[in-house]
Amino acid sequence: MTGLRVQSIGPSVTVQDQGRLGFVASGLSRGGAVDLLALSEGAALLGQGDDLAALEMAGFGGVFQAECDLRIALTGAVMQASLNGAALRWNASHAVPKGAELRIGAASSGGYGYLHLGGGIDAPVVMRARSTHLNSQIGDRVAEGDLLPVGEDPGGPVGQVLDVATREDGGTVRMVRSFQTPLFAPDELTRFEATVFHRDMRGNRMGVQLNPDGAGFQAEGGLTVLSEIIMIGDVQMTGDGAPFVLLPEAQTTGGYPRIGSVLPCDLPKLVQARPDAPLRFVFVEMEEALAAERAFAAHLIDLPRHITPLVRAPGDVPDLLTYQLISGVARGDEEH
Amino acid sequence: MTTPTSQNWPQIRTVGINGMLVSFADALSEPSNRAALAFRARLEREGWDGVIETSSTLASAFVRFDPFVLSHSELHTRLKTLLSEANWFDAAPPEGRRFWRIPAVYGGPLAPQLDEAAKAAGMSATEAVTSLSASRVRVTTLGFAAGQPYLGELPEAWNLPRQSGLTPKVPVGALVVAIRQFVLFATSAPTGWRHVAQTAFTCFRPESDTPFALRAGDEVQFVSISREEFEAIRTRDKSGDGGATVEPIK
């Protein structure tokens, strides 16, 4: 077994894939990457399937040493990254030769960054997926000294960059009404759409709180609602009236009233918003929501067309030796 | 839109963009839980194309589906047709249910809130153990954590409110009580319910071929055993069953 050795690691780094569907009846939520778009972007950069597992780094990465030649891609929240001291471009793929040191630092946005390996991270499959599910004690956080085993990599391009529109600037997040939306008075719903929110720094894989500029929101039924099924993206109103957006590791059922449900295609923008970036919500009809999801699915399929070779200016090459080391393991045809 | 309390039951509503919920009541009751279980079992048998998974909660059956394979309007029509086929409140319980006897130590240092819960229920500790250990309860739903059952209903005396503060942590296998229900903890977690007994039962076994020990509809009795018996079970049991016995319900 070989792969990437963890020399030091941030506080909340886990192996994630698309999670596990099919167990909600038994109380196990899907889990999987918080930013599924970032998972697909990494897969596109490495020319592999988006069902492979990657490393999800909440806010901070770590220091790693390659125990074999690797291809990597970096996606999601932009983090400081370097290979043997030379800065690495984010939303790009790179060759990492055996013995090289990869450093991934902080995300200035506080969001989720992803490190992908060519061949995926070959973590054990438990119940049809490799995802760590912290809340159900499947797997655990990555720890210092761990080896992230690499799956068989058929090889492919490196030195590629993906044209990604930033999703750290906030903006308008679309929601659909859900079965508990009528628990909120019409003027509360109107006020909800008119309110600017900011992502709280204390989020985790179960959910993230959004802080309103102004008063909180209350359901008319209060806290006597029967515990009912939860969907990822549901916006739950807790006691103090601040909305809490439920994420892949949320509990499967809950008794707090939910004002609506964020479209899956808009979740990446929400979870990756910088804490100072304004977020607003707008309710859309189901037809418009499904059209948006369809467009998102088409965008995922189209990702490879947004990839171009990474052109290095001579001034960007800090160390000739490092450069040659990288070129030495690349196929040699991808940067021309 | 009207408020749920003024609407008639059952009703079909959407959850997110790819969920549909068939609700039989807005409060837990034996008939509505029975209806939810039976209707979900029926949905499983139908096996419609485009259905990703189904589940039941306390009083609802849930369908997650692919709206690009099975449209909202088509699914709504099919659910309505199924609903009209029977009085689901009277439906027979689903097949394949089992009766579990799970050994439990009531009270003492392993379950420190028995005395407090007994007092709140107006009983002596001995009466409380007799009442709780004699109750044959049904798994009304699995939820909150993987494989974690809600079980009911207990006798009326156990209609206790949640405690105002949270117990910071109960261990795996803790049996807690409130609002005429038990929860058997699948993970170590905080709770507002009172910890009255401790089992050596593991509800969620991710490495096993059958990761979820219990299913909605199963019936359970938490048989009272001594601390010594409990320790003996804990020492020898590697299966996660914690000394439980199980038989099919015919």
Side-chain angles (χ1 to χ4, degrees), chain A residues 20-31 124 126-127 133-139 174-183 185-186 220-221 224-234 246 250-255 258 260-265 284 286-287 289-290 292-294 297, chain B residues 1-7 11-21 23 25-28 32 40 44 52-64 67-68 71-73 141-150 172 186-189 203-204 206-208 211-216:
Chain A
R20 301 168 177 83
L21 270 181
F23 299 110
V24 72
S26 300
L28 177 62
S29 52
R30 188 195 76 201
V126 178
M127 297 170 67
H133 197 298
L134 294 172
N135 193 34
S136 291
Q137 290 155 17
I138 302 175
R174 292 165 289 186
M175 312 169 76
V176 286
R177 290 173 186 82
S178 208
F179 68 103
Q180 289 174 334
T181 306
L183 294 171
E220 287 177 331
T224 57
V225 181
L226 190 65
S227 196
E228 208 32 284
I229 193 86
I230 281 175
M231 304 292 276
I232 296 167
D234 277 0
L246 295 160
Q251 64 273 31
T252 52
T253 58
R258 282 162 264 148
S261 199
V262 173
L263 305 195
C265 62
V284 297
M286 188 61 79
E287 210 168 300
L290 293 178
E293 286 301 318
R294 230 184 248 281
Chain B
M1 272 191 227
T2 52
T3 60
T5 45
S6 70
Q7 291 167 331
Q11 48 180 284
I12 304 169
R13 299 171 295 180
T14 60
V15 202
I17 63 158
N18 63 345
M20 224 173 262
L21 193 65
S23 300
D26 58 359
L28 173 62
S32 57
R40 189 247 166 165
E44 284 289 299
I52 298 165
E53 62 181 328
T54 70
S55 72
S56 59
T57 50
L58 295 172
S60 304
F62 165 72
V63 185
R64 191 192 311 275
F68 301 120
S71 72
H72 278 77
S73 61
T141 189
L142 297 171
F144 198 76
Q148 182 162 298
Y150 288 69
V172 172
T187 60
S188 178
C203 297
F204 182 48
E207 308 292 341
S208 158
F212 308 101
L214 300 171
R215 295 196 287 259

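The figures here come from the full heavy-atom set of this structure, side chains too, leaving out hydrogens, waters and symmetry mates. A, B, ... follow the sequence lines: proteins, then strands. Residue 1 opens every chain.
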Practice task
Compute whether any side-chain donor of one residue and acceptor of the other, for A:Glu228 and B:Ser60, lie under 3.5 angstrom apart.
Solution key: yes
Problem - Worked verdict on A:Ile229 versus B:Leu21 for side-chain contact (heavy atoms from CB on, under 4.5 Å) - result: CA-CA 8 Å; A:Ile229 193 86; B:Leu21 193 65; 3.7 Å; yes
Handout entry: Heavy-atom closest contact (B:Ile17 atom, A:Ala289 atom, distance)
Key = CG2-CB, 4.0 Å
Handout entry: Straight-line distance of A:Gln137 CD to B:Thr187 OG1, nearest 0.5 Å
Key = 5.5 Å
Practice task
Side-chain contact test, heavy atoms from C-beta onward, threshold under 4.5 Å: evaluate it for A:Thr253 versus B:Thr57 and give yes or no.
Solution key: yes
Exercise for the section: Name all residues meeting the salt bridge (charged side-chain N to carboxylate O under 4.0 Å, His left out) criterion together with A:Arg174; count only those two or more places apart in sequence or in a different chain, and write none if there are none. Expected result: A:Asp266
Problem - Closest non-hydrogen atom pair between A:Leu290 and B:Pro67, with its separation - result: CD2-CG, 3.7 Å
Practice task
Output the option from B:Ser55, B:Ala146, B:Ser56 having the highest count of non-hydrogen pairs under 4.5 Å with chain A.
Solution key: B:Ala146
Practice task
Please report the closest heavy-atom contact between B:Arg40 and A:Ala25, naming both atoms and the distance.
Solution key: NH2-CB, 3.5 Å
Practice task
Quick one: do A:Phe179 and B:Met20 satisfy side-chain contact (heavy atoms from CB on, under 4.5 Å)? Show the steps, please.
Solution key: CA-CA 9 Å; A:Phe179 68 103; B:Met20 224 173 262; over 6 Å; no
Completion exercise
The interface call for B:Ala145 against chain A, heavy-atom contacts under 4.5 Å, is backbone
Problem - Most contacts with chain B, counted as non-hydrogen pairs under 4.5 angstrom, among A:Leu28, A:Ile138, A:Ile230, A:Asp234 - result: A:Leu28
Practice task
Provide the closest heavy-atom pair for A:Thr252 versus B:Phe144 in the form atom of the first, atom of the second, distance.
Solution key: OG1-N, 3.4 Å
Handout entry: From CA spacing to verdict: side-chain contact (heavy atoms from CB on, under 4.5 Å), B:Val15, A:Ser261
Key = CA-CA 8 Å; B:Val15 202; A:Ser261 199; over 6 Å; no
Exercise for the section: Please look at A:Pro264 and chain B and tell me whether the side chain, the backbone, both or neither of the residue comes under 4.5 angstrom of a heavy atom of that chain. Expected result: side chain
Problem - A:Val24 backbone acceptor or donor facing B:Glu53 side chain under 3.5 Å - result: yes
Handout entry: Check: B:Arg13 and A:Gln180 side chains under 4.5 Å, non-hydrogen atoms
Key = no
Handout entry: Minimal non-hydrogen separation, A:Ser136 against B:Phe204, with atom names
Key = O-CE2, 3.4 Å
Handout entry: Proximity breakdown for B:Ser208 and chain A, heavy-atom pairs closer than 4.5 Å
Key = neither
Practice task
Specify the closest pair of heavy atoms between B:Gly16 and A:Ser178, including all atoms of both residues, with the distance to one decimal.
Solution key: N-OG, 3.3 Å
Handout entry: Region of B:Pro206 in contact with chain A, defined by heavy-atom distances below 4.5 Å
Key = both
Problem - Side-chain touch A:Leu21/B:Ile52, heavy atoms, less than 4.5 angstrom - result: yes
